[in-house]
Trainee: 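Below is the structure I would like to discuss, written out as structure tokens.
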Amino acid sequence: MKTTSKRLIVAITGASGSLYALEFLKILEKAGVESHAVISEAGRKVLALELGLTPEDLPGVMRWHDINNLAAPMASGSARFDGMVVVPCTMGTLAAIASGAGRNLIHRSADVTLKENRPLLLAVRETPLSRIHLENMLRAQSAGAIICPPMPAFYTKPTDLTAMAHGFAARLADLLQVPVPDAKRWSDKD
């Protein structure tokens with residue numbers, strides 16, 4: 001396994017799309033990224049419903065942090081992290097981040113990530129979108145977050161859901177400058 005000096009926060013919330021989190025964590029593990037993770041109670045339920053997994057089954061997590069532990073390292077700007085991804089991101093989590101409400105470790109970590117001018121990627125999952133959702137996305141983006149709805153790229157010709165999720169997870173990794181050697185990319189070649 002190749003190692004990098006990157007240290008990232010991965011948050012998983014209760015939106016549908018646990019497969020995206022799984023594929024993203026696989027990429028981070030392969031790249032040797034030090035991943036610190038936190039999952040909401042709804043995230044645990046969706047992970048079990050969609051994939052039959054528990055958080056401990058997910059690869060590449062160096063340490064799981066309790067969602068209620070506001071004394072965890074990522075709750076302070078003095079702890080060195082290179083960025084944060086919320087994948088998938090519920091609209092409730094988006095709203096808390098957009099308003100600066102630090103009710104749990106996911107919200108607080110996102111707030112710290114923004115105030116420290118570090119990359120914060122929000123893989124928001126909902127359809128259709130209400131005006132409130134759109135306004136919250138704009139507020140979060142104006143504060144420095146990168147809004148990354150999980151949208152598959154069909155030019156990569158994914159053969160199954162895992163390949164489609166991996167393609168999106170590779171885009172998240174690209175935005176954090178994590179190498180993904182097997183990523184399928186747009187090319188002018190056949």
Trainee: Can you tell me how far OG1 of T113 sits from CE of M74, rounded to the nearest 0.5 angstrom?
Mentor: 9.0 Å
Trainee: Is there side-chain contact between I147 and V124, with heavy atoms separated by less than 4.5 Å?
Mentor: yes
Trainee: Which residue is it: T13, V10, I12? I am looking for the one with a side-chain contact (heavy atoms from CB on, under 4.5 Å) to V86.
Mentor: T13
Trainee: S40 vs N104, test: side chain to side chain contact (heavy atoms under 4.5 Å, CB included). Steps then yes/no.
Mentor: CA-CA 9 Å; S40 69; N104 64 40; 5.9 Å; no
Trainee: Just wondering, do E126 and L94 contact through their side chains at under 4.5 Å, heavy atoms?
Mentor: no
Trainee: With clusters defined by side-chain heavy atoms of hydrophobic residues (ILVMFWY) lying less than 4.5 Å apart, directly or transitively, does L22 cluster with L25?
Mentor: yes
Trainee: Can you hop from V33 to F168 via hydrophobic side chains spaced under 4.5 Å?
Mentor: yes
Trainee: In this structure, are over 12 heavy atoms from other groups packed under 6.0 Å from Q177 atom CD?
Mentor: no
Trainee: Rounded at 0.5 Å granularity, tell me how far CZ in R80 sits from CZ in R118.
Mentor: 4.5 Å
Trainee: Under a 4.0 Å threshold between the charged nitrogen and the carboxylate oxygen, would E29 count as salt-bridged to K26?
Mentor: no
Trainee: Hey, are the side chains of S130 and H133 touching, using non-hydrogen atoms and a 4.5 Å cut-off?
Mentor: yes
Trainee: Would you say that more than 12 heavy atoms from the other residues, nucleotides or ligands in this model lie under 6.0 Å from the CG of L49, or not?
Mentor: yes
Trainee: Distance from L19 atom CG to L47 atom CG, nearest 0.5 Å?
Mentor: 10.5 Å
Trainee: Work out which heavy atom in G14 is nearest to a heavy atom in V46; give both atom names and the distance.
Mentor: O-CG2, 3.1 Å
Trainee: Tell me whether Y20 is reachable from V180 by hopping between hydrophobic residues (I, L, V, M, F, W, Y) whose side-chain heavy atoms are closer than 4.5 Å.
Mentor: yes
Trainee: Grouping I, L, V, M, F, W and Y whenever their side-chain heavy atoms are under 4.5 Å apart, do I146 and M137 come out in a common cluster?
Mentor: no
Trainee: Is there a side-chain contact between L28 and P59 in this structure, where contact means two heavy atoms from C-beta onward sitting under 4.5 Å apart?
Mentor: no
Trainee: How about L53 and S18: do any of their side-chain heavy atoms sit closer than 4.5 Å?
Mentor: no
Trainee: Taking atom NZ as the centre, does K45 end up with more than 12 heavy-atom neighbours from other residues, nucleotides or ligands that are less than 6.0 angstrom away?
Mentor: no
Trainee: Can you give me the closest heavy-atom contact between M84 and A11, atom names plus distance?
Mentor: CE-CB, 3.9 Å
Trainee: Return the minimal non-hydrogen interatomic distance between G60 and S35, and the atom names on each side.
Mentor: O-CB, 3.5 Å
Trainee: What pair of heavy atoms forms the shortest contact from F24 to V87, and how long is it?
Mentor: CD2-CG1, 4.3 Å
Trainee: Are any of the side-chain heavy atoms of P73 and H65 separated by less than 4.5 Å?
Mentor: yes
Trainee: Is a side-chain donor or acceptor of E50 paired with a backbone partner of G17 at a separation under 3.5 angstrom?
Mentor: yes
Trainee: Could you check whether any side-chain heavy atom of V178 comes within less than 4.5 Å of a side-chain heavy atom of L8, counting everything from C-beta outward?
Mentor: yes
Trainee: Looking at M164 and F154, what are the two nearest heavy atoms and their distance?
Mentor: SD-CE2, 3.9 Å
Trainee: Measuring from K6:NZ to D82:CG, what's the distance to the nearest 0.5 Å?
Mentor: 5.0 Å
Trainee: Heavy-atom count around I132 CD1 within 6.0 Å, excluding the residue itself: above 12?
Mentor: no
Trainee: State plainly whether one hydrophobic cluster holds both I9 and M62, where clusters connect Ile, Leu, Val, Met, Phe, Trp and Tyr through side-chain heavy atoms under 4.5 angstrom apart.
Mentor: no
Trainee: On a heavy-atom basis, which atom in P88 and which in S16 lie closest, and how many Å separate them?
Mentor: CB-O, 3.8 Å
Trainee: Please report the interatomic distance CD1(I67) to CG(L105), rounded to the nearest 0.5 Å.
Mentor: 7.0 Å
Trainee: I would like to know whether T93 and I97 meet side chain to side chain contact (heavy atoms under 4.5 Å, CB included); could you show each step before the answer?
Mentor: CA-CA 6 Å; T93 299; I97 292 167; 3.7 Å; yes
Trainee: Supply the atom-to-atom distance R171 CZ to I27 CD1, rounded to the nearest 0.5 angstrom.
Mentor: 11.5 Å
Trainee: For a 4.5 angstrom cut-off between non-hydrogen side-chain atoms, does R108 reach V38?
Mentor: no
